[in-house]
Every structure is written in C-alpha cells, then in structure tokens.
2 protein chains.
Amino acid sequence: MSSYGQFCPVALGAEIFAERWTPLILREMLHGEISFSDLHRGVPRISKNLLVQRLQPLHASGIIEQVAAGEHRRHYRLTVAGLALGPVIDALGTWGYNWASKDLDDEHLDPDFLMWSLRRLLRMDALPDERVVVAFRFRGHADRLYWLVLQRSGVDLCLHDPGYGVSLEVNGTVAALAGVCLGHAEIRRAIHDGEVELLGAPRHRKGFPTWLGVTHFAALPKVAAAVSR
Amino acid sequence: MSSYGQFCPVALGAEIFAERWTPLILREMLHGEISFSDLHRGVPRISKNLLVQRLQPLHASGIIEQVAAGEHRRHYRLTVAGLALGPVIDALGTWGYNWASKDLDDEHLDPDFLMWSLRRLLRMDALPDERVVVAFRFRGHADRLYWLVLQRSGVDLCLHDPGYGVSLEVNGTVAALAGVCLGHAEIRRAIHDGEVELLGAPRHRKGFPTWLGVTHFAALPKVAAAVSR
DNA sequence: CGGTATCCCCCGCGATACTG
DNA sequence: CAGTATCGCGGGGGATACCG
C-alpha cells in the first residue's frame with residue numbers, strides 16, 4: 001500500500017511529491033525541457049533504474065510528458081500540473097536555505113554536483129568573447145578533475161581535458177565554492193582567505209569572479225532567527 | 001546513505017521533509033501542541049514504531065520539541081524552524097487540492113480519517129447549547145460505527161456508544177462526506193440526492209448542515225485548468 | 001497514555017550487463 | 001544516448017507483545 005488512505009489535499013500531494021528523489025527531479029525539470037542524461041547529471045547519485053522508476057508515476061499522474069527533441073531524441077517536460085508544483089519546490093528550497101544551508105557537512109559537498117551547479121549558475125552575459133577553459137581541482141578530491149569550457153554561445157562541463165589548453169586553473173575547497181553558490185560567501189573573500197586559488201593570466205583571474213552567479217534563493221529576505229545547526 | 005549529497009536548498013529541505021509520512025505528521029502538528037496519541041489518530045495508518053522513527057529526526061533537526069502537558073504527560077510542538085515549514089505544507093496542499101482531489105478512489109476514503117476530519121472541521125460556535133450525540137454509519141463499512149458527542153465546550157469522537165442516547169443518525173457514503181469536507185459538494189445537495197441520509201428530530205436534521213466546516217484549501221482561487229484524473 | 005523491544009518478511013534499491 | 005533486464009542483499013517497516 002503506497003497510499004496514505006487520506007483524502008486530505010496535503011496527503012494527496014505528498015503521495016506524489018514526498019517520495020525520495022522526486023523533489024530533486026522536479027527541481028531539475030523546472031529549468032525547462034531536459035534529456036534523460038542531463039536529468040541524471042543533475043541528480044547524479046540516483047541510479048538510472050531508480051530514475052526511471054521515479055519518472056513513471058510522474059508521467060502517469062500527468063505531471064511530466066515526453067516531447068520529441070530532434071531525430072530519435074526525446075526530452076522530458078513538465079505539464080501544466082507539473083509547473084504548478086513550482087511553488088512547492090520554491091517553498092521547500094526557501095526553508096532549506098534559511099534553516100539548513102549554513103553548516104554543511106562533507107556528505108553534502110559532492111564536487112560532481114558543485115560543478116554541475118557552477119555550470120548552471122554561470123552568468124552567460126558576463127563571459128568574455130573568447131573561449132576560456134577553466135580547470136578545477138578540489139582539496140580532498142585529488143582524483144577528480146573538471147574542465148569548464150566557457151563560450152558565450154554555450155558552456156560545456158568535461159571530465160577529460162577538452163584539449164583547447166587551459167586558461168585558468170582553480171584550486172579550492174568544495175565548501176568554499178558551495179558557499180559562493182549559496183551567496184553565503186564572496187568569491188573574492190574566499191580567494192583572499194586562501195580557500196580558493198586562481199592560477200592564470202591576470203585578465204582571467206580578474207574576470208572569473210564576475211562570471212559566477214548565485215542561487216536565486218540568496219535573494220530572499222533573511223530570517224533573523226535562523227540558526228546554523 | 002540517506003543524504004542526497006547536494007548542498008542545494010531544495011535537496012537539504014527534501015532530506016527532512018520529503019520522507020514518507022512526514023508531511024502528514026507536520027500537518028497535524030501545525031494545528032498546535034499535540035499528544036502522541038492524537039498525532040497517531042490524525043495519521044492512523046502509520047504504525048506506532050514508525051511514528052516514533054519519524055519524530056526522531058524531526059527532533060534532532062530542531063523542528064519539533066516536547067513540552068510538559070500536566071503531570072506525567074508530554075506534548076509535541078513545532079519549534080520556530082518547524083513553524084517555518086507551514087508554507088511548504090500549504091503549497092503542497094494547494095497543489096493537492098487543485099490537481100488531485102477531484103476523483104478520489106476508495107483507497108483514499110478511509111472512514112476513520114473522515115471522522116477525524118469531520119471532528120476537526122466542526123464549527124464549534126455553530127453547535128447547539130444542548131449536548132447532541134450523532135451516530136455515523138457508512139455504506140460499505142457496515143462493521144464500523146462512530147459517535148460524535150457535540151458540546152460547545154468540546155467534541156469527542158467515540159468508537160463505542162457513549163451511552164447518552166443518539167440524537168441524530170447519519171448514514172451515507174464516505175465519498176459524499178469527504179466531498180463536503182473538501183468543499184466540492186454541498187451537504188444539503190448530498191442529502192437531497194440520497195448520498196447522505198439523516199434520521200432524527202427535525203431540529204437536529206436542520207441543524208446538522210450548519211455544524212460542518214470545510215477545509216481552508218477550499219477558499220483558494222480555483223485553477224481553471226485543473227482536471228480530474 | 002506514551003512509547004520500547006523483538007521478530008521476521010518483503011521489496012526497494014544498487015550493481016552489472018545488455019539493447020536499439 | 002536512453003533506457004531495460006536480471007540478480008541479490010539489507011533494512012525499512014508491519015505485527016505483536018511488553019512496560020512504566
């Protein structure tokens with residue numbers, strides 16, 4: 001029995017929404033049409049099997065649908081009912097931002113997800129005209145390297161050297177850059193404090209801080225009583 | 001691993017909120033201080049074991065706390081951080097009301113929960129001065145009887161005849177009365193259509209429709225596109 | 001009332017391989 | 001890329017009994 005057995009609107013909503021992984025899947029889909037692979041990149045710790053299992057009831061409930069995306073490609077997209085879940089995601093994220101995002105433990109600081117977030121938060125209009133390749137290396141994760149290929153026409157995240165040469169190297173802690181994404185820290189201050197180190201030509205070191213955006217939750221009025229736990 | 005591994009506020013919120021049963025538990029607690037037993041009555045299909053298991057992380061996260069309630073009694077209560085989850089419950093219920101409350105299947109129409117809802121939705125100020133005992137019997141659930149003891153000083157729900165004598169007898173379908181609670185149907189119309197039958201003195205049959213309230217979600221602006229599924 | 005303690009079963013989920 | 005198929009395990013959770 002997967003039903004709560006209640007006709008209460010909260011219970012009816014929870015049957016669909018309050019399922020493990022589902023809020024994260026919906027969060028990704030709120031950014032627009034998306035392919036299965038990109039969806040998986042946004043929620044990397046879910047298995048493909050389980051992702052499919054989560055998408056099925058969302059489809060059956062009329063919350064998502066599939067649309068053709070070129071030859072032999074399909075994308076997922078929210079329906080009107082799915083878009084109506086936006087305020088729920090927003091309310092949940094607002095709570096999470098105010099009450100749970102201050103002291104993050106290592107468990108929440110996956111560099112894969114950080115890179116995917118940095119990619120999403122890039123301020124496209126602030127990027128330089130030339131192509132810039134930025135390499136990232138994180139303390140405590142020496143085994144993983146990332147390359148961000150920045151162009152105004154589009155941005156790529158690579159796990160292997162794309163071969164164009166590296167314009168800027170970023171070394172730092174995941175915590176510091178996550179704090180920047182969340183708007184809890186200033187990138188320039190993190191650099192000054194040595195939590196993030198930039199290696200490259202001065203124009204790229206100067207430019208980098210201007211390319212990064214922050215989550216839209218950072219624009220919320222702060223809750224004074226919110227404590228770190 | 002119970003963490004999503006993401007520092008995103010939505011993920012951080014979901015780790016706590018999007019757990020099975022948790023939204024229903026929080027919904028009950030938003031009504032104010034509550035004892036373990038009453039909490040269980042509002043979520044009758046959860047086991048006591050599991051209810052305790054769900055309360056523990058809420059306590060550890062600083063969302064709920066326990067307060068003394070007389071000698072040897074304790075109640076649960078939301079903290080400030082817990083009250084801040086109110087907008088999330090509200091957003092979820094709003095979605096559920098608009099997109100999932102139109103066509104309910106039997107699985108969602110548990111008479112136990114209906115009675116608990118009726119009890120909560122009674123308009124205390126509209127009750128008569130005298131004590132009135134209302135007995136309920138539902139089609140398809142002939143084995144279960146309920147008595148609602150109405151007094152302006154307080155209301156009791158009993159599973160055994162309280163012995164004061166019965167002033168009014170209500171026979172009907174769970175679906176019809178659930179529709180009334182949700183504001184989808186008018187109780188007078190349900191009576192006229194034979195979905196609900198009242199047996200008793202005329203003044204009680206006249207009074208009964210005035211005693212019932214509807215969920216506050218019914219006051220929302222209707223979403224035109226919302227379909228029944 | 002307000003929970004613990006214990007037993008045990010099932011299925012949710014991860015790992016791995018495969019397909020069009 | 002976009003999933004499906006299969007196997008196997010672990011623990012989530014139901015049932016029941018107990019306790020202060």
Side-chain angles (χ1 to χ4, degrees), chain A residues 1-5 14-16 18-25 28-29 33-60 64-77 107 110 112 116 156-160, chain B residues 1-5 14-16 18-25 28-29 32-60 64-77 107 110 112 116 154 156-160:
Chain A
M1 84 107 182
S2 106
S3 160
Y4 291 120
E15 285 186 12
I16 289 175
E19 195 74 23
R20 187 158 172 78
W21 297 109
T22 297
L24 307 206
I25 292 168
E28 293 300 309
M29 299 200 59
E33 263 187 48
I34 191 170
S35 68
F36 186 86
S37 297
D38 280 352
L39 190 48
H40 199 193
R41 272 188 202 103
V43 195
R45 291 202 181 180
I46 197 177
S47 72
K48 283 196 293 182
N49 263 346
L50 192 45
L51 179 52
V52 173
Q53 275 183 54
R54 285 297 179 269
L55 291 173
Q56 272 161 359
L58 292 176
H59 186 253
I64 64 175
E65 60 189 356
Q66 286 192 295
V67 292
E71 201 67 22
H72 294 276
R73 293 293 159 84
R74 324 205 49 164
H75 279 185
Y76 289 96
R77 179 169 62 175
E107 192 51 41
D110 179 347
D112 284 352
W116 192 245
D156 272 333
L157 172 60
C158 308
L159 300 179
H160 300 286
Chain B
M1 83 110 180
S2 106
S3 159
Y4 290 121
E15 285 185 14
I16 289 175
E19 195 73 24
R20 187 159 171 79
W21 297 109
T22 297
L24 308 205
I25 293 168
E28 292 300 308
M29 300 201 59
E33 262 187 49
I34 192 170
S35 68
F36 185 87
S37 296
D38 282 352
L39 190 47
H40 199 192
R41 273 189 202 102
V43 194
R45 292 203 180 179
I46 197 177
S47 72
K48 283 196 290 182
N49 261 346
L50 192 45
L51 178 53
V52 173
Q53 275 183 55
R54 286 296 179 270
L55 292 173
Q56 273 161 0
L58 292 177
H59 186 253
I64 64 176
E65 60 190 354
Q66 285 193 294
V67 293
E71 201 68 22
H72 294 276
R73 293 293 160 87
R74 326 204 49 168
H75 279 186
Y76 289 96
R77 179 170 61 176
E107 192 52 41
D110 179 347
D112 285 353
W116 193 246
D156 272 333
L157 172 60
C158 308
L159 301 180
H160 301 287

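When reading the values below, keep in mind they use all heavy atoms of this one structure, side chains included, and skip hydrogens, waters and symmetry mates. First the proteins, then the strands, lettered A, B, ... as listed; each starts at 1.
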(message) Just to be sure I understand the geometry, which residues of residues 33-41 of chain A put a non-hydrogen atom under 4.0 Å away from DNA chain C?
(response) none
(message) In this structure, how many angstroms lie between the C1' atom of dG3(D) and the CD1 atom of I64(A), rounded?
(response) 14 Å
(request) Five pairs at each end of the helix from dC1(C)-dG20(D) to dG20(C)-dC1(D): take the axis at both ends and give me the angle between them to 10°. (result) 60°
(message) With rounding to the nearest 0.5 angstrom, report the OG to NE2 distance, S37(B) to H75(B).
(response) 9.0 Å
(request) Without swapping roles, check the side chain of R20(A) against the backbone of R20(B) for a donor-acceptor pair under 3.5 Å. (result) no
(request) Find out whether L51(A) and K48(A) are in side-chain contact, i.e. whether some heavy atom of one side chain is under 4.5 Å from a heavy atom of the other. (result) no
(message) Just so I know, are the side chains of E15(B) and Y4(B) near enough to count as touching, which here means a heavy-atom distance under 4.5 Å?
(response) yes
(request) Please report, rounded to the nearest Å, how far the P atom of dG14(C) is from the CG atom of L51(A). (result) 11 Å
(request) Please report the closest heavy-atom contact between I46(B) and H40(B), naming both atoms and the distance. (result) O-NE2, 2.6 Å
(message) If I take atom CZ in residue R45(B) and atom P in nucleotide dA15(D), what distance separates them, rounded to the nearest angstrom?
(response) 11 Å
(request) Evaluate side-chain contact (heavy atoms from CB on, under 4.5 Å) for D38(B) paired with R41(B), printing each intermediate quantity in order. (result) CA-CA 5 Å; D38(B) 282 352; R41(B) 273 189 202 102; 2.5 Å; yes
(message) Using a strict threshold of under 4.0 Å (side-chain N to carboxylate O), is an ion pair present between E33(A) and R73(A)?
(response) no
(request) Measure the CD1-CG distance between I25(B) and L58(B) for me, rounded to the nearest 0.5 Å. (result) 6.5 Å
(request) Provide, to the nearest angstrom, the distance between the NE2 atom belonging to H75(B) and the P atom belonging to dG2(C). (result) 6 Å
(message) What contact category does Q66(B) fall into here, base, sugar-phosphate, or nothing, at under 4.0 angstrom with non-hydrogen atoms?
(response) sugar-phosphate
(message) If I take atom CD1 in residue I46(A) and atom C1' in nucleotide dG12(C), what distance separates them, rounded to the nearest angstrom?
(response) 12 Å
(request) Whole angstrom is fine here: how far is it from NZ in K48(A) over to P in dC1(D)? (result) 9 Å
(request) List the steps and the verdict of side-chain contact (heavy atoms from CB on, under 4.5 Å) for L55(A) and F36(A). (result) CA-CA 10 Å; L55(A) 291 173; F36(A) 186 86; 4.1 Å; yes
(request) Using a 4.0 Å heavy-atom cut-off, write out nucleotides 5-13 of chain D from 5' to 3' as B (base contacted by protein), S (sugar-phosphate only) or - (no contact). (result) BB------S
(message) Could you report the tightest heavy-atom contact between A14(A) and L24(B), atom names first, then the distance?
(response) CB-CD2, 4.4 Å
(message) In whole Å, I'd like the distance from the CZ atom of R73(A) to the P atom of dC1(D).
(response) 8 Å
(message) For the CD atom of Q56(B) and the CD1 atom of I64(B), what is their distance to the nearest 0.5 Å?
(response) 9.5 Å
